Engineer: 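Have a look at this one before I ask anything.
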Amino acid sequence: SRVSAALQVEDLCVRYGGVQAVRSVSFTVEPGEAVGIIGANGAGKTSTLRALMGLVPRTASTLSFGESDLRRTPARNMVRHGIGYVPEGRHVFSGLSVEKNLMLGAYSKGWGRSQKLELDGIYEQFPVLGEMRQRPAGALSGGQQQMLAIGRALMSKPDLILLDEPSMGLSPKLVDDTLAILLNLCGAGLSLLLVEQNAELAFGATSRCLVVESGEVVTEGSTKELRADPQVRRSYLGI
Ligand code: ATP
């Protein structure tokens, strides 16, 4: 029963001075659904996520999650609305222990029994984080840091996770591991919005995708349809 909210985005725009990075993007993420945004470098994927989070100035005619209107919600309050964010490049605190990094993910809710249970749950889901709990996060491999960044976001018990380019810098094997983690999250009823340059990963993890070019949605559809689309295959799968 944890997930009952839909993300609704209508006419989202981001402008950096003279550059319009996101042009009237509209989409929804239904409860428990995994949606992908794919596109080349610079297409506006990261700006879209940062705009949803309130990390860059944006306009939208609708930006809501469940009953909450998020158009004026600052980034630091998103977690209270059930939205978790895993930024591009992971941004773990490399000098702090794995466990401290995870605990920071729960800070807005204080530290108590429920947070301790959540921490145990994360060690169960990612045993390697449990094994390395006292090590500094900087000692982890790229793939382990990605797990840590996802684990940290999970500590706030989000209903929706925004995930920016989890495949970045990971070997193909670790991309497969990441895919398994994402499928696992969705199986648990979490909603997911995944931004990826790696279309193969996005198609594997989601049921529906948007294709963005120059800040605009140029195609969208079920993963199945997009996989079969000759244009998408040429441009994003290299086939
Ligand atoms: P990436 O693969 O790098 O994540 P992306 O698809 O996420 O690419 P964005 O990073 O959102 O694309 O960038 C979209 C456009 O906005 C690009 O033209 C980029 O140069 C521009 N841009 C991004 N951030 C800024 C900024 N802070 N100031 C000015 N222009 C920016």
Side-chain angles (χ1 to χ4, degrees), residues 7 9-29 34-63 70-71 73-76 78 83-92 142-143 145-150 152-153 160-172 174-175 178-179 181-182 191-206 208-221 223 226-227 229 231-238:
L7 176 71
V9 180
E10 244 169 85
D11 202 13
L12 180 71
C13 299
V14 177
R15 175 182 284 284
Y16 305 108
V19 180
Q20 183 146 15
V22 179
R23 301 163 186 263
S24 192
V25 165
S26 302
F27 63 94
T28 59
V29 182
V35 174
I37 301 181
I38 64 170
N41 203 323
K45 305 180 301 298
T46 295
S47 296
T48 299
L49 283 199
R50 291 178 60 80
L52 296 178
M53 283 299 291
L55 292 166
V56 294
R58 78 298 206 217
T59 60
S61 57
T62 306
L63 175 48
L70 301 177
R71 282 176 300 172
T73 306
R76 64 177 180 280
M78 287 296 174
I83 301 180
Y85 175 52
V86 183
E88 188 173 23
R90 316 189 246 283
H91 299 287
V92 298
Q145 289 189 17
Q146 182 64 63
M147 277 184 220
L148 178 57
I150 293 172
R152 184 178 56 189
L160 167 69
I161 284 205
L162 312 180
L163 197 53
D164 195 353
E165 205 98 34
S167 75
M168 197 175 69
L170 300 186
S171 67
L174 287 175
V175 170
T178 304
L179 175 59
I181 290 169
L182 299 183
S191 308
L192 184 69
L193 180 62
L194 171 67
V195 154
E196 258 302 338
Q197 229 169 301
N198 182 332
E200 201 56 71
L201 172 62
F203 288 161
T206 63
R208 203 154 56 76
C209 283
L210 315 175
V211 181
V212 292
E213 279 172 22
S214 307
E216 274 177 304
V217 178
V218 292
T219 310
E220 64 178 295
T223 298
L226 292 175
R227 263 190 206 283
D229 181 323
Q231 178 89 48
V232 169
R233 291 167 73 80
R234 264 197 306 279
S235 303
Y236 298 100
L237 297 175

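These values consider heavy atoms only, across backbone and side chains, with no hydrogens, waters or symmetry-generated copies. Each ligand, and each atom within it, is numbered from 1 in the order the structure gives. Not measured: the values here are computed from a predicted model.
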Engineer: Can you list the residues that meet the salt bridge (charged side-chain N to carboxylate O under 4.0 Å, His left out) rule with Arg233, with sequence neighbours excluded?
Structural biologist: none
Engineer: Collect the protein residues that have a non-hydrogen atom under 4.0 Å from ligand 1 and hand them over in chain and number order.
Structural biologist: Tyr16, Ala21, Ala40, Asn41, Gly42, Ala43, Gly44, Lys45, Thr46, Ser47, Glu88, Gln197
Engineer: What do the steps show when you test Ser167 against Glu196 for side-chain hydrogen bond (donor to acceptor under 3.5 Å, both in side chains), and what is the final call?
Structural biologist: CA-CA 7 Å; Ser167 75; Glu196 258 302 338; 2.9 Å; yes
Engineer: Considering non-hydrogen atoms only, spot the tightest contact between Ile38 and Ala199 and give its length.
Structural biologist: CD1-CB, 3.9 Å
Engineer: Going by the rule side-chain contact (heavy atoms from CB on, under 4.5 Å), which residues pair with Ser26 if we only count those two or more places apart in sequence or in a different chain?
Structural biologist: Glu10
Engineer: Listed by chain and number, what are the side-chain contact (heavy atoms from CB on, under 4.5 Å) partners of Ala51, not counting sequence neighbours?
Structural biologist: Leu12, Val14, Val56, Arg58
Engineer: Would you check, one step at a time, whether the test salt bridge (Lys or Arg N to Asp or Glu O under 4.0 Å) holds for Arg23 with Glu213?
Structural biologist: CA-CA 10 Å; Arg23 301 163 186 263; Glu213 279 172 22; over 6 Å; no
